[in-house]
Amino acid sequence: MHGAGDNPSAWVARWARSIPPGETLDLACGGGRHARLLAALGHPVQAVDRDAAALAQAAGPGITTLQTDLEAEGATWPFAPGRFAGIVVTNYLHRPLFAHLAAALAPDGMLVYETFAQGNERFGKPSNPAFLLASGELLDMALRHGLRVLAYEDGSVDAPRPARVQRLCAAGPAFDPAAVRLDM
């Protein structure tokens with residue numbers, strides 16, 4: 001059974017259809033709302049979270065789960081360079097992982113990222129600056145790691161609850177931007 005939090009992010013749903021064929025990573029997948037979307041689109045999915053109960057919800061056809069805490073002392077990045085055709089990250093920020101995410105993306109792969117930004121503290125949690133992106137930070141991280149930015153947004157949303165967010169869709173240098181459908 002999946003609850004109200006099961007609806008995929010509109011940002012992820014918009015871009016998921018342009019992820020090239022191949023394995024995708026749903027990092028900090030929670031209950032698996034994006035893993036299920038990606039699997040439904042035909043991608044084999046690697047769903048990763050530190051919460052075993054969340055992973056039990058995320059498991060399903062086409063979805064492999066991995067329980068690991070990538071923020072734990074001594075944790076190592078478990079994925080090879082260039083492995084993923086797509087990487088999805090929402091509502092999660094651990095800055096040291098960004099270089100690993102960029103490296104794990106296939107040269108023609110796509111990264112879809114959406115998380116909280118500074119100013120979110122006026123809406124509630126997260127309010128700790130360690131978990132809030134500075135203005136333009138997600139964009140800067142993508143460019144610094146050689147990704148081609150396809151779309152970027154920085155602003156406030158009302159749904160699923162009021163928040164300040166940054167959203168990014170970026171791709172590896174071999175990605176064909178003609179494959180992106182902007183009229184969907």
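All residue numbers in this chain count up from 1 along the given sequence.
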Completion exercise
Nearest heavy-atom contact between Ile19 and Ala85 is CG2-O, 3.6 Å
Exercise for the section: Can you run down the salt bridge (Lys or Arg N to Asp or Glu O under 4.0 Å) pairs that involve residues 97-119, sequence neighbours left out, and say none if there aren't any? Expected result: Glu114-Arg167
Exercise for the section: Evaluate the side-chain contact (heavy atoms from CB on, under 4.5 Å) criterion for residues Val149 and Leu139: first the C-alpha distance (whole Å), next the side-chain angles of each, then the deciding distance (0.1 Å), finally the verdict. Expected result: CA-CA 8 Å; Val149 174; Leu139 182 61; 3.6 Å; yes
Exercise for the section: Taking all heavy atoms of Gln166 and all of Ala134, pick out the closest pair and write down the distance. Expected result: NE2-O, 2.7 Å
Problem - Flag, side chain of His43 to backbone of Gly22, donor-acceptor distance under 3.5 Å - result: yes
Exercise for the section: Begin with the C-alpha distance, continue with both residues' side-chain angles, and end with the deciding distance and a verdict on side-chain contact (heavy atoms from CB on, under 4.5 Å) for Phe98 and Leu138. Expected result: CA-CA 9 Å; Phe98 203 86; Leu138 198 55; 4.0 Å; yes
Handout entry: Closest contact, heavy atoms only, Ala53 versus Asp51
Key = N-OD1, 2.8 Å
Practice task
Let me see the working for Phe116 and Leu93 under side-chain contact (heavy atoms from CB on, under 4.5 Å), right down to the final yes or no.
Solution key: CA-CA 8 Å; Phe116 300 100; Leu93 177 63; over 6 Å; no
Completion exercise
Rounded to the nearest 0.5 angstrom, the CZ-SG distance for Arg36 and Cys29 is 9.0 Å
Practice task
Compare every heavy atom of Arg95 with every heavy atom of Pro129, then report the nearest pair and how far apart it is.
Solution key: O-NH2, 3.9 Å
Practice task
Would you check if the side chain of Arg164 reaches a backbone N or O of Gln118 as a donor-acceptor pair within less than 3.5 Å?
Solution key: yes
Exercise for the section: Let me know which of Ile87, Val88, Asp26 forms a side-chain contact (heavy atoms from CB on, under 4.5 Å) with Val112. Expected result: Val88
Practice task
Output, in order, the C-alpha distance, side-chain angles, deciding distance and verdict of side-chain contact (heavy atoms from CB on, under 4.5 Å) for Leu70 and His94.
Solution key: CA-CA 9 Å; Leu70 294 170; His94 185 58; 5.7 Å; no
Exercise for the section: Step through the shown structure and confirm whether more than 12 heavy atoms of other residues, nucleotides or ligands are within 6.0 Å of CG on Asp158. Expected result: no
Handout entry: Pro8 backbone acceptor or donor facing Arg33 side chain under 3.5 Å
Key = no
Exercise for the section: Kindly write out the residues that satisfy side-chain hydrogen bond (donor to acceptor under 3.5 Å, both in side chains) with Arg50, not counting sequence neighbours, or none if the list is empty. Expected result: none
Practice task
Take the angle between the ring planes of Trp77 and His100 and call it parallel below 30°, perpendicular above 60°, tilted in between.
Solution key: parallel
Exercise for the section: State, to 0.1 Å, how close Leu55 and Asp49 come at their nearest heavy-atom pair, and which atoms those are. Expected result: CD1-O, 3.5 Å
Handout entry: Nearest atoms (heavy-atom pairs only) where Thr65 meets Gln46
Key = C-NE2, 3.7 Å
